[in-house]
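Since the model is a prediction, treat every value here as computed from it, not as a measurement. Order of the sequence lines fixes the chain letters, A, B, ..., with proteins taken first and strands second; residue numbering starts at 1 for each chain.
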Amino acid sequence: MNKNEVRVRFAPSPTGHLHIGGVRTALFNFLFARHHGGNFILRIEDTDRSRSTEESIEAIIEGMKWLGLEWDEEPYRQTDRLDIYRKKAEALLREGKAYYCYCTPEELDTRRKEALASGKIPKYDRRCKNLKSPLEGKPRAIRFISSDEGQTVVDDLIRGRVIFDNIQLDDLIILRSDGFPTYNFSVVVDDTSMEITHVIRGDDHLNNTPRQIQLYHGLGYEPPRFAHLPMILGSDRTRLSKRHGATSVMAYKEMGYLPEAMLNYLARLGWAYGDQEIFSKEELIEKFSLENIGKSPAVFNPEKLLWLNSNYINQDEPKDLIERVKPFLKIEGIDCIYIDNEWLGRIIISLRERCRTLSELAGSISYYIRDEIQIDEKAKEKFLTKKALPYLEKLLEQLRLLSSFVQSEIEKVFVHLVEREGIKLGDIAQPVRVAVTGKTVSPGIYEVLELLGKEKTIKRIERAISVIRKS
RNA sequence: GUCCCCAUCGUCUAGUCUGGCCUAGGACACCGCUCUUUCAAGGCGGCAACAUGGGUUCAAAUCCCAUUGGGGACGCCA
């Protein structure tokens, strides 16, 4: 392998959905790799047997694919590599760099809580370190001997030089009693064997880094470069969690967000390129650099995501947007196989500038397609009035006579009516809008009528007239 | 409790490394005005920030120290 080649990885644990924070980490790794023409590896850290699930692995892969964060090579799974960790742990044991620990998790937990409660440092007391002979038949974990002297320096690419006193670190467990490695150990072994050059991960791992550096040295490895990303916080400035609303990327997909918008938004959370706000994926790759990453945590702002989403909805190729909105139409109960794409495309173009998500768009499209529409109560009260009745009747009469049901002709009908009756355009346009869409908001009324077609237009105005008469 | 990180408009941020061009720029949101058949979008304008206190310097958002505030870590989780 080329010595200068960049290799980075995204290493999620499959214990739930793929969340926003994870995606941002994945994105930055991806951008870094692509910018440098290097490789981006996906590694599933599934060494926690009780929490890892197959569904979560699928969810991660699905999310990554949706966002177009293509990884190189086959995804790695730590549970496929258990032998490697065991061998490495045994080697440390043989070299006197590690020892067996017979303390049970329950005991350790109790001691930790006691220490914390009495204001002491919850640090392992090394009681198993000098055991003369193995305790037969008792489950045992393997601990790595941490140095008490000196300091460990992390030269972080984002934070700069961070110094830890080794006395703060304790002998961490590297292999559990069930033979599975723990995070700090497997990550070091894997990052080395996968030849990872840069570890780009969340800030919450900064405290683990000195431990990992000691492990690198213990194993005789050269540590990679580290870059710790600032965290994403919720609106109350605590770590982003379910309490703050949707945190799963797939939830955003389901709400009608475009992956481009999500990527763009997440990229700008902690990273900036001057005043630029809108970036295509290619541009992100071209312009990304670790130097432009900030140090302070960022609050997730759904409003801005929404704004970006509406931008992308309006920039998207109509033919792509048609395909993207179809699943949302299906949710509205509309089967698209009978719908003409060319017609649907025209509808989308006229509607999209007032829609911020695909679901909103699908909701608006539905009134062009459904046979029966629901008329908003307030809109009905305000515009489907006795006063509007004669105008609607006259308009209907004229519309029936139109042989060419196109915007320009429809407009003439409206304009003539307005002139003849001495009313304002709004006096007739609004009632018609309510009659045909059920709402007070829509694209230009001539446009709506043309797209809706003569037959539906007439039916809906007739219905509105009868609604007024009955009231 | 101990350790680590961070600190510019409500939010995301530019500017900080390499002090002067900063009367601190952009974006989201908000508020006006405009366009207009409605609502958006668009256009124009407005509101709004260098956490505090000490230094260093001719000069500090920018460098140093302290304080305060916020976040994170301290697992046989990752």
Side-chain angles (χ1 to χ4, degrees), chain A residues 11-15 45-48 50-52 101 103-106 108-109 112 115-123 139-143 154 156 158-160 162-165 167-170 172-178 180-184 186-187 201-210 228 230-231 233 235 237-239 265 268-278 291-292 294-308 310 314 351-356 379 383 411 414 418 424-430 432-434 437 439-446:
Chain A
S13 65
T15 54
E45 309 226 322
D46 57 346
T47 55
D48 184 338
S50 57
R51 296 200 304 156
S52 299
C101 175
C103 301
T104 66
E106 295 72 31
L108 293 167
D109 196 44
R112 184 164 34 245
L116 240 22
S118 60
K120 287 182 187 139
I121 304 168
K123 194 175 158 182
R140 58 190 188 180
I142 297 177
R143 281 190 191 265
V154 180
D156 193 273
I158 293 170
R159 314 269 142 190
V162 183
I163 298 167
F164 297 84
D165 287 325
I167 191 76
Q168 293 291 331
L169 278 26
D170 61 357
L172 73 157
I173 289 175
I174 55 175
L175 210 68
R176 289 181 254 253
S177 49
D178 64 2
F180 280 61
T182 57
Y183 165 71
N184 280 299
S186 55
V187 88
R201 71 215 322 184
D203 213 354
D204 48 337
H205 288 291
L206 186 54
N207 285 290
N208 286 322
T209 310
H228 287 95
M231 305 251 85
L233 310 179
S235 49
R237 302 203 136 269
T238 64
R239 202 193 168 112
Y265 178 69
R268 283 285 287 100
L269 223 47
W271 176 83
Y273 189 80
D275 287 337
Q276 190 172 342
E277 296 287 350
I278 310 286
E291 279 146 52
N292 291 330
K295 297 177 177 182
S296 46
V299 174
F300 184 79
N301 180 198
E303 292 287 343
K304 193 159 182 181
L305 210 206
L306 214 39
W307 171 75
L308 275 167
S310 95
N314 282 287
L351 285 173
R352 67 172 169 182
E353 65 187 33
R354 64 213 86 210
C355 292
R356 299 194 293 178
F383 295 107
E411 181 173 0
F414 274 74
V418 164
K424 285 183 290 179
L425 187 50
D427 293 335
I428 182 65
Q430 276 306 81
V432 171
R433 193 184 315 276
V434 173
T437 70
K439 301 162 202 279
T440 55
V441 171
S442 84
I445 192 67
Y446 314 131

Could you measure between the two [atom1] atoms, the one in [N] and the one in [M], and give it in whole Å?
| N | M | atom1 | answer |
| --- | --- | --- | --- |
| B:rC33 | B:rC21 | P | 37 Å |
| B:rC9 | B:rC17 | C1' | 24 Å |
| B:rG20 | B:rA78 | P | 47 Å |
| B:rU57 | B:rG25 | C1' | 26 Å |
| B:rC63 | B:rG1 | C1' | 33 Å |
| B:rA61 | B:rU8 | C1' | 7 Å |
| B:rC35 | B:rG70 | C1' | 45 Å |
| B:rG32 | B:rC47 | C1' | 10 Å |

Is [N] paired to anything, Watson-Crick or G-U wobble with both distances less than 3.5 Å, and if yes, which nucleotide?
| N | answer |
| --- | --- |
| B:rA7 | B:rU68 |
| B:rU18 | none |
| B:rU56 | none |
| B:rU23 | none |
| B:rC30 | B:rG46 |
| B:rU2 | B:rA73 |

**OP:** Do nucleotides 40-50 of chain B as a string where each nucleotide becomes B, S or -: B if the base has a protein heavy atom under 4.0 Å, S if just the sugar-phosphate does, - if no protein is that close.
**Re:** BS---------
Original post:
Does A:Arg237 reach the main-chain N or O of A:Val299 with its side chain, forming a donor-acceptor pair under 3.5 Å?
Top reply: no
Original post:
Do A:Asp156 side-chain atoms and A:His228 backbone N/O form a donor-acceptor pair below 3.5 Å?
Top reply: yes
From [atom1] of [X] over to [atom2] of [N], roughly how many Å is that when rounded to an integer?
| X | N | atom1 | atom2 | answer |
| --- | --- | --- | --- | --- |
| A:Ile428 | B:rU38 | CD1 | P | 14 Å |
| A:Glu303 | B:rA29 | CD | C1' | 6 Å |
| A:Arg239 | B:rG70 | CZ | P | 18 Å |
| A:His205 | B:rG71 | NE2 | C1' | 15 Å |
| A:Asp204 | B:rC6 | CG | C1' | 14 Å |
| A:Leu206 | B:rA78 | CG | P | 19 Å |
| A:Leu108 | B:rG75 | CG | C1' | 9 Å |
| A:Leu425 | B:rU37 | CG | C1' | 4 Å |

Is [X] touching bases, backbone alone, or none of the nucleic acid, heavy atoms closer than 4.0 Å?
| X | value |
| --- | --- |
| A:Asp427 | nothing |
| A:Arg159 | sugar-phosphate |
| A:Pro443 | base |
| A:Ile163 | sugar-phosphate |
| A:Ile173 | base |
| A:Phe414 | nothing |
| A:Ser442 | base |

**OP:** Only counting residues at least two apart or in another chain, list the ones meeting ring-ring contact (aromatic ring centres under 6.0 Å, His included) with A:Phe180.
**Re:** none
Tell me, please, which residues at least two apart from [X] pass salt bridge (charged side-chain N to carboxylate O under 4.0 Å, His left out).
| X | answer |
| --- | --- |
| A:Lys304 | A:Glu277 |
| A:Asp427 | none |
| A:Arg354 | none |
| A:Asp204 | A:Arg239 |

Considering only [options], which nucleotide approaches the side chain of [X] most closely?
| X | options | answer |
| --- | --- | --- |
| A:Gln430 | B:rG75, B:rC5, B:rU38 | B:rU38 |
| A:Asn207 | B:rU37, B:rC76, B:rC3 | B:rC3 |
| A:Lys295 | B:rU37, B:rC6, B:rA73 | B:rC6 |
| A:Pro105 | B:rA73, B:rG75, B:rC76 | B:rC76 |

**OP:** Please name all residues satisfying side chain to side chain contact (heavy atoms under 4.5 Å, CB included) with A:Arg356, sequence neighbours left out, ordered by chain then number.
**Re:** A:Glu303, A:Leu306, A:Ser310, A:Glu360
Subject >> Test side chain to side chain contact (heavy atoms under 4.5 Å, CB included) applied to A:Ala11 - qualifying residues, sequence neighbours left out >> reply: A:Arg9, A:Arg43, A:Glu45
Original post:
Is any N or O donor-acceptor pair between the side chain of A:Ser177 and the base of B:rC76 shorter than 3.5 Å?
Top reply: yes
**OP:** Tell me which of A:Thr47 and A:Lys123 sits closer to the 5' end of RNA chain B, going by the nucleotide each one is nearest to.
**Re:** A:Lys123
Original post:
RNA chain B: A:Lys120 or A:Val162, which has the more 5' nearest nucleotide?
Top reply: A:Lys120
Original post:
Of all heavy-atom pairs between A:Pro230 and A:Ser296, which one has the smallest distance, and what is that distance?
Top reply: CB-O, 3.3 Å
Original post:
What closest approach, in Å, do A:Ile173 and A:Ala141 show between heavy atoms, and which atom pair accounts for it?
Top reply: CG2-CB, 4.0 Å
Original post:
Could A:Asp170 and A:Arg143 be called an ion pair, given the rule that one side-chain N must be under 4.0 Å from one carboxylate O?
Top reply: no
Write down the protein N/O and nucleotide N/O pairs, taken from nucleotides 10-13 of chain B, whose separation is under 3.5 Å; answer none if there are no such pairs.
{"unit_1": "B:rC12", "atom_1": "OP1", "unit_2": "A:Val299", "atom_2": "N", "d": "2.8"}
{"unit_1": "B:rC12", "atom_1": "O2'", "unit_2": "A:Arg268", "atom_2": "O", "d": "2.9"}
{"unit_1": "B:rC12", "atom_1": "O2", "unit_2": "A:Lys304", "atom_2": "NZ", "d": "3.4"}
{"unit_1": "B:rU13", "atom_1": "OP1", "unit_2": "A:Gly270", "atom_2": "N", "d": "2.3"}

**OP:** For B:rG1, take OP1 and OP2 only and decide whether either is under 4.0 Å from a side-chain N or O of A:Ser118.
**Re:** no
**OP:** Give a yes/no on whether any side-chain N or O of A:Arg112 is located under 4.0 angstrom from OP1 or OP2 of B:rG75.
**Re:** yes
Original post:
What class does the angle between the rings of A:His205 and A:Tyr183 fall in, given that below 30° is parallel, 30 to 60° is tilted and above 60° is perpendicular?
Top reply: tilted
